[in-house]
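See structure below.
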Amino acid sequence: MEKSESTVNNNLVFGVNGKRFEVSTIHPSTTLLEFLLSHTTFKGAKLSWGEGGCGACVVLLSKYNLVLDQVDDFTVSSCLTLLCSINGCSITTTEGIGNTRDSFHRIHDRFSGFHSSQCGFCTPGMCMSLFSALVNAKKTPWPKPPLGFSKLKVFEVEKAIAGNLCRCTGYHPIVDACKSFVVDVDMEDLGLNSF
């Protein structure tokens, strides 16, 4: 009786913005942000302190949950997330939700329209924090919102971007851009904008 050799794939396999990556050798301390900045064309996530406190490196991580038979989506600080921990996951960066080639996402348009960005360093992380909240709000059993709005509530939007720091724009236009997505927003509370 012949023994068949089983092939074991020890490669790290994951996706970034729909592109498949398979890594055979990587130092165990390599972070997701280091990989994004040095091995991909996706440079939106930024390195600030490298301690997970500013939100400039936030990306969306999507992972299949076997127990619940669903995809769980949540934000991670890519400067703290070890690359070896994302095997089988999908990563979405700000370029994955919209860009100059394929058109911008509504989040990008509203950040621009509400003048929510000055230097732009924190903007990709802010956009991804809001995007994650929008993705997860779609999964809720709440009633369908009017066209152009989401199922998010004002307090949820504020909570979604609470871990993101901005040193130059000020939070009022950022929060206004984010609130423009929520169904229970008081339109009079929103600042002047181009929408």
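No hydrogens, no waters, no symmetry mates; every other heavy atom, side chains included, goes into these values.
Counting only heavy atoms from C-beta outward, the side chains of Met128 and Thr93 never approach each other to under 4.5 Å. Leu165 is listed as a side-chain neighbour of Tyr171, based on a closest heavy-atom distance under 4.5 Å. At a threshold of 4.5 Å between non-hydrogen side-chain atoms, the residues Leu68 and Gln70 count as touching.
With values rounded to the nearest 0.5 angstrom, Ile161 atom CD1 is found 13.0 Å from Glu156 atom CD. Rounding to the nearest 0.5 Å places CD of Gln118 at 10.0 Å from OG1 of Thr123. Atom-to-atom distance recorded for Phe121:CZ and Cys166:SG is 11.5 Å, nearest 0.5 angstrom. Between Asn17 atom CG and Thr40 atom OG1 the span is 8.0 Å, to the nearest 0.5 Å. Interatomic distance, Arg106 CZ to Ile97 CD1, rounded to the nearest 0.5 Å: 10.0 Å. Between Ser78 atom OG and Leu60 atom CG the span is 12.0 Å, to the nearest 0.5 Å.
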- prompt: So Thr75 and Phe131, side chain to side chain contact (heavy atoms under 4.5 Å, CB included) or not? Walk me through it.
  reply: CA-CA 9 Å; Thr75 56; Phe131 181 73; over 6 Å; no

Audit row: Thr94, His108, side-chain hydrogen bond (donor to acceptor under 3.5 Å, both in side chains) steps and yes/no:
CA-CA 9 Å; Thr94 192; His108 298 131; 2.8 Å; yes

- Query: Thr30 and Leu82: side chain to side chain contact (heavy atoms under 4.5 Å, CB included), yes or no, with the steps?
  - Reply: CA-CA 6 Å; Thr30 303; Leu82 295 176; over 6 Å; no

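Residues Leu152 and Phe149 share a single hydrophobic cluster, defined by chaining ILVMFWY side chains whose heavy atoms lie under 4.5 Å apart. Under the 4.5 Å side-chain heavy-atom criterion for grouping Ile, Leu, Val, Met, Phe, Trp and Tyr, Val185 is connected to Phe111 within one hydrophobic cluster.
Side chains of Asp109 and His105: no donor on one and acceptor on the other come within 3.5 Å. At a cut-off of 3.5 Å, with distance as the only test, no side-chain donor of Ser90 or Ser62 sits close to an acceptor on the other residue. A donor atom on one side chain and an acceptor atom on the other are found under 3.5 Å apart for Asn11 and Glu22. A donor-acceptor pair shorter than 3.5 Å can be found between the side chains of Ser129 and Asn164.
Asp72 places no side-chain N or O within donor-acceptor distance of the main-chain N or O of Tyr64, the cut-off being under 3.5 Å. Checking side-chain atoms of Ser77 against main-chain N and O of Cys79 turns up no donor-acceptor pair under 3.5 Å. At least one donor-acceptor pair closer than 3.5 Å links the side chain of Thr31 to the backbone N or O of Glu34.
Smallest separation of non-hydrogen atoms from Pro173 and Phe114: CB-O, 3.3 Å. In terms of heavy-atom proximity, Ala45 sits nearest to Leu37 at O-CD2, 3.5 Å. Between Val157 and Cys178, the closest heavy-atom pair is CG1-CB, 3.1 Å. For the residue pair Lys46 and Gly44, the shortest heavy atom distance occurs at NZ-O, 3.0 Å. Contact detail for Pro146 and Val183: the closest heavy-atom pair is CD-CG2, 3.4 Å.
Residue Leu12 shares its hydrophobic cluster (ILVMFWY side chains chained together at separations under 4.5 Å) with Phe14, Val16, Phe21, Val23, Ile26, Leu32, Phe35, Leu36, Phe42, Val59, Leu61, Phe74, Val76, Leu83, Ile86, Ile91.
Enclosure of atom NZ in Lys153 by more than 12 non-hydrogen atoms of other residues, nucleotides or ligands within 6.0 angstrom is indicated. Other residues, nucleotides and ligands place more than 12 heavy atoms under 6.0 Å from the NZ atom of Lys43.
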Per-pair distances, 0.1 Å, donor-acceptor, side chain in residues 135-142, under 3.5 Å, sequence neighbours excluded:
residue, atom, partner, partner atom, Å
Asn136, ND2, Asp73, O, 3.0
Asn136, ND2, Ser132, O, 3.1
Lys139, NZ, Val71, O, 2.9
Lys139, NZ, Asp73, OD2, 2.5
Thr140, OG1, Ala137, O, 2.6

Can you give the donor-acceptor pairs under 3.5 Å from side chains of residues 50-58 to other protein atoms, not counting sequence neighbours?
none

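Phe181 carries Arg110 over the face of its six-membered ring, with the cationic atom under 6.0 Å from the centre and within 45° of the normal.
The pair Glu158-Lys179 meets the salt-bridge criterion, since a charged nitrogen lies less than 4.0 angstrom from a carboxylate oxygen.
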